[in-house]
K.L.:
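Structure provided below as structure tokens; questions to follow.
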Number of protein chains: 2
Amino acid sequence: MNQLIERRKVTARKEKPDSASLGFGKYFTDYMFVMDYEEERGWHDPRITPYEPVHLDPSASVFHYGQAVFEGLKAYRSEDGRVLMFRPDQNIKRLNKSLRRMSMPPLDEKLALEALIQLVELEQEWIPIEKGTSLYIRPFVIATEPSLGVRPSKRYKFMVVLTPVGSYYGDQLKPIRIYVEDEYVRAVTGGVGDVKTSGNYAASLQAQRKAEELGYDQVLWLDGVEKKYAEEVGSMNIFFIINGEAVTPALNGSILGGITRASVIELLKSWGIRVREEQVAIDDIYEAAMRGEVSEVFGTGTAAVISPVGALHIHGETIELNNGLIGEVSERLYETIAGIQVGKVRDSFRWVVEV
Amino acid sequence: MNQLIERRKVTARKEKPDSASLGFGKYFTDYMFVMDYEEERGWHDPRITPYEPVHLDPSASVFHYGQAVFEGLKAYRSEDGRVLMFRPDQNIKRLNKSLRRMSMPPLDEKLALEALIQLVELEQEWIPIEKGTSLYIRPFVIATEPSLGVRPSKRYKFMVVLTPVGSYYGDQLKPIRIYVEDEYVRAVTGGVGDVKTSGNYAASLQAQRKAEELGYDQVLWLDGVEKKYAEEVGSMNIFFIINGEAVTPALNGSILGGITRASVIELLKSWGIRVREEQVAIDDIYEAAMRGEVSEVFGTGTAAVISPVGALHIHGETIELNNGLIGEVSERLYETIAGIQVGKVRDSFRWVVEV
Ligand SMILES: Cc1ncc(COP(=O)(O)O)c(C=O)c1O
Ligand SMILES: Cc1ncc(COP(=O)(O)O)c(C=O)c1O
């Protein structure tokens with residue numbers, strides 16, 4: 001593997017940004033990973049190169065027909081100086097699932113994992129160390145064939161870029177306000193909502209803007225067929241704690257199977273908390289909340305790990321949850337997962353990969 | 001306007017391909033149009049440049065979150081040497097509709113039209129003259145801001161490229177075989193199916209491949225909610241001639257409002273043929289066909305103008321239509337619209353714009 005990756009040196013290393021100004025996805029490291037695909041040759045030329053512009057023909061199919069998929073995961077620096085990644089194998093599996101759904105060629109999973117590891121190793125000085133910060137890893141694949149025929153491209157680029165990111169919440173978990181969207185639809189069974197393809201995100205922007213204008217942080221999507229059942233939040237899955245049990249929408253083909261979601265389910269079960277993955281009618285949530293049975297609602301995703309929900313706007317009414325405080329289960333999940341990620345909590349599920 | 005567009009000269013003009021080998025979207029002309037957008041400056045620097053690669057940061061948002069919209073229209077050379085475009089104002093209107101839906105900044109419609117006209121004028125030698133050939137015009141807008149935040153990009157590029165394209169059918173209209181897709185879904189009300197955004201096309205590739213493997217040319221999509229109602233074909237709208245009346249799915253928010261579709265409706269009405277735009281249940285079509293009441297089915301779109309349908313695969317059965325021949329209405333529509341496009345038939349609707 002080592003020989004496969006040629007290294008071209010950057011002439012000058014960039015200055016590293018101050019950890020307070022990191023934000024999300026604004027600064028990129030010195031190097032990136034690139035590999036090309038051509039129909040006749042398959043995936044070839046894996047390499048680490050300086051972080052530099054991509055040159056594409058104006059007719060490259062990604063610009064016109066949107067074959068583009070991506071992943072997102074994080075690398076952390078543990079207190080004892082090790083570099084840790086959280087379940088990267090799962091991200092690569094999901095990347096391949098996305099590639100197949102979008103008629104794009106899957107990657108060799110071992111090689112892709114090795115690419116992440118080598119790149120993060122090379123760039124480990126870029127991992128910020130303040131609480132809640134990390135090095136975000138963005139693998140993505142785009143269609144590059146210069147042709148306007150509506151058919152799968154015959155050429156692709158797999159790239160990995162790295163960006164140091166700030167703490168999602170600053171010092172402590174801050175509950176978010178969620179708008180249940182009943183006009184716009186994100187995805188529907190038979191579509192591509194269960195994979196990470198670029199078009200899903202462009203399609204969500206207008207609803208997100210509307211929610212913000214109305215004073216909410218994020219949208220909770222309903223199913224596209226009946227607009228009755230909760231699906232997921234912007235880039236998080238959603239959990240409800242009702243009468244001490246956890247309820248989350250089942251993976252029905254139109255929501256993304258989050259890796260944080262899967263980890264939360266495993267953890268909750270290991271703690272003896274029952275988890276139901278099922279259709280979740282938003283009206284049932286409303287009624288349960290009115291009866292005082294909903295003790296916590298939280299989102300799960302790579303960006304924030306656990307995102308407590310403090311308010312839920314449903315059909316014209318805003319329900320305040322848990323007095324705008326962080327619930328007990330949310331907090332315990334956050335401390336456990338974030339702890340495992342930085343090597344502070346014992347990794348009994350073997351989720352962490354050391355670079 | 002003229003001064004707005006700076007021309008940088010190509011050093012050598014490309015060789016023009018032989019008209020028999022044109023295909024679709026394989027060859028591009030010497031020049032393209034480019035204009036940039038930045039949040040602070042708005043759209044600026046309209047210019048014609050040599051056709052050349054685009055340089056984008058690997059984190060450019062089009063690669064990750066899919067803000068990309070496009071249009072497609074054609075320029076023709078008339079027998080008396082004029083250069084004609086078909087309803088370009090409609091394409092620019094629709095481009096702006098797509099831009100707004102995808103949270104992208106709309107264009108000045110006059111300037112955009114002028115860009116098409118000036119570029120086509122400069123490149124008019126590239127318009128092929130054989131029957132059925134034309135110069136395909138591809139305006140498109142992509143998000144270019146280097147940032148991984150999931151929010152509308154603050155920078156965009158509007159580009160126009162030109163590609164000489166071959167005759168869709170060779171010498172005569174050839175009926176196509178259509179597979180009614182009842183597993184995959186293209187779009188749903190509340191989504192983005194009614195605009196030309198890149199993600200819609202990537203999402204359709206897998207179903208298209210399936211149809212081809214089963215021996216069909218294209219997919220007919222059903223609605224995403226009940227999978228009962230006809231929506232549209234790959235990149236065409238669909239019409240049924242039933243008992244002498246034309247029936248086509250209404251613009252319900254999940255299908256594209258085709259410009260050929262609108263033109264066909266106007267023409268049919270002007271000929272005294274009744275047109276119903278409504279929900280079209282595929283089972284009703286099946287039954288009407290069994291009773292011998294469906295005399296013609298055809299698709300409408302810029303690529304082929306009118307595309308007669310010779311066979312329709314519905315829920316496991318294949319219905320042959322009109323003995324695989326071209327219907328009378330289809331043929332008359334094709335001759336009229338294609339005739340207007342090349343200046344051979346009187347343009348009583350003022351659809352044609354002379355360059
Ligand atoms: C649409 C969507 N849902 C859910 C998630 C959460 O997935 P994960 O926990 O793997 O980050 C993400 C983020 O990746 C997402 O983009
Ligand atoms: C999805 C879709 N439907 C219909 C059409 C037909 O539209 P028009 O007649 O404007 O070419 C197209 C092509 O533009 C299309 O891409």
Side-chain angles (χ1 to χ4, degrees), chain A residues 23-26 28 32 51-60 62-68 70 101-103 136 138 140 142-143 146-152 159 161 163 183-192 197-206 208-209 224-227 234-235, chain B residues 23-26 28 32 51-60 62-68 70 101-103 136 138 140 142-143 146-152 159 161 163 183-192 197-206 208-209 224-227 234-235:
Chain A
F24 186 83
K26 293 195 297 181
F28 295 88
M32 63 185 185
Y51 184 92
E52 62 194 3
V54 196
H55 299 197
L56 290 181
D57 196 277
S59 66
V62 63
F63 297 143
H64 303 273
Y65 307 129
Q67 278 183 297
F70 69 93
R101 178 63 183 90
M102 305 314 290
S103 303
Y136 182 80
R138 168 57 56 92
F140 63 107
I142 54 174
S147 163
L148 298 186
V150 183
R151 52 161 178 73
M159 305 177 69
V161 298
T163 163
E183 173 193 359
Y184 295 114
V185 170
R186 177 186 171 272
V188 67
T189 313
V192 295
T197 183
S198 65
N200 288 341
Y201 298 81
S204 75
L205 297 174
Q206 196 151 307
Q208 174 63 23
R209 182 187 293 186
V225 174
E226 301 186 58
K227 296 190 185 163
S235 46
Chain B
F24 185 84
K26 293 194 296 181
F28 296 89
M32 64 185 186
Y51 184 93
E52 62 195 2
V54 196
H55 299 199
L56 291 180
D57 196 277
S59 66
V62 64
F63 297 143
H64 303 272
Y65 306 130
Q67 278 185 298
F70 69 93
R101 178 64 182 89
M102 304 314 290
S103 303
Y136 182 82
R138 169 56 59 92
F140 64 106
I142 55 174
S147 163
L148 298 185
V150 183
R151 52 161 179 73
M159 304 178 68
V161 298
T163 163
E183 174 193 358
Y184 295 116
V185 169
R186 176 185 171 273
V188 68
T189 312
V192 295
T197 183
S198 65
N200 289 340
Y201 298 82
S204 76
L205 296 174
Q206 195 152 307
Q208 173 65 22
R209 182 187 293 186
V225 174
E226 301 186 59
K227 296 191 186 163
S235 47

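All chains are named by letter (A, B, ...) in the order of the sequence lines, taking the proteins before the strands, and each is independently numbered beginning at 1.
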K.L.:
Heavy-atom distances under 4.5 Å only: say whether B:Ile142 touches chain A with side chain, backbone, both or neither.
P.N.:
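Interface part for B:Ile142: side chain.
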K.L.:
Measure distances from B:Tyr184 to the heavy atoms of chain A and classify the residue's part below 4.5 Å as side chain, backbone, both or neither.
P.N.:
both
K.L.:
Which atoms of B:Arg209 are under 4.5 Å from chain A, going by heavy atoms: the side chain, the backbone, both sets, or neither?
P.N.:
side chain
K.L.:
Taking the ring centre of each residue, are B:Phe70 and A:Tyr65 less than 6.0 Å apart?
P.N.:
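Yes - the distance between ring centres of B:Phe70 and A:Tyr65 falls below the 6.0 Å cut-off.
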K.L.:
Side chain, backbone, both or neither: which part of B:Arg101 has an atom under 4.5 Å from a heavy atom of chain A?
P.N.:
both
K.L.:
Relative to chain A, which segment of B:Val188 carries a heavy atom at a distance below 4.5 Å: side chain, backbone, both, or neither?
P.N.:
side chain
K.L.:
Take the angle between the ring planes of B:His64 and A:Phe140 and call it parallel below 30°, perpendicular above 60°, tilted in between.
P.N.:
tilted
K.L.:
Relative to chain A, which segment of B:Gln67 carries a heavy atom at a distance below 4.5 Å: side chain, backbone, both, or neither?
P.N.:
both
K.L.:
Measuring from B:Ser204:OG to A:Arg151:CZ, what's the distance to the nearest 0.5 Å?
P.N.:
13.0 Å
K.L.:
Please classify the contact between B:Glu52 and chain A as side chain, backbone, both or neither, with a heavy-atom cut-off of under 4.5 Å.
P.N.:
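Interface part for B:Glu52: backbone (N, CA, C, O).
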K.L.:
Measure distances from B:Ser147 to the heavy atoms of chain A and classify the residue's part below 4.5 Å as side chain, backbone, both or neither.
P.N.:
both
K.L.:
Tell me, side chain or backbone of B:Thr189 under 4.5 Å from chain A's heavy atoms, or both, or neither?
P.N.:
backbone
K.L.:
Less than 4.5 Å apart, side chain to side chain, heavy atoms only: is that true for B:Phe24 and A:Val150?
P.N.:
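Sidechains of A:Val150 and B:Phe24: no contact.
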K.L.:
Using non-hydrogen atoms and a 4.5 Å limit, figure out which bit of A:Thr163 sits close to chain B: side chain, backbone, both or neither.
P.N.:
side chain
K.L.:
Checking heavy atoms, do the side chain of B:Met159, its backbone, both or neither come under 4.5 Å from chain A?
P.N.:
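Only the side chain of B:Met159 comes within 4.5 Å of chain A.
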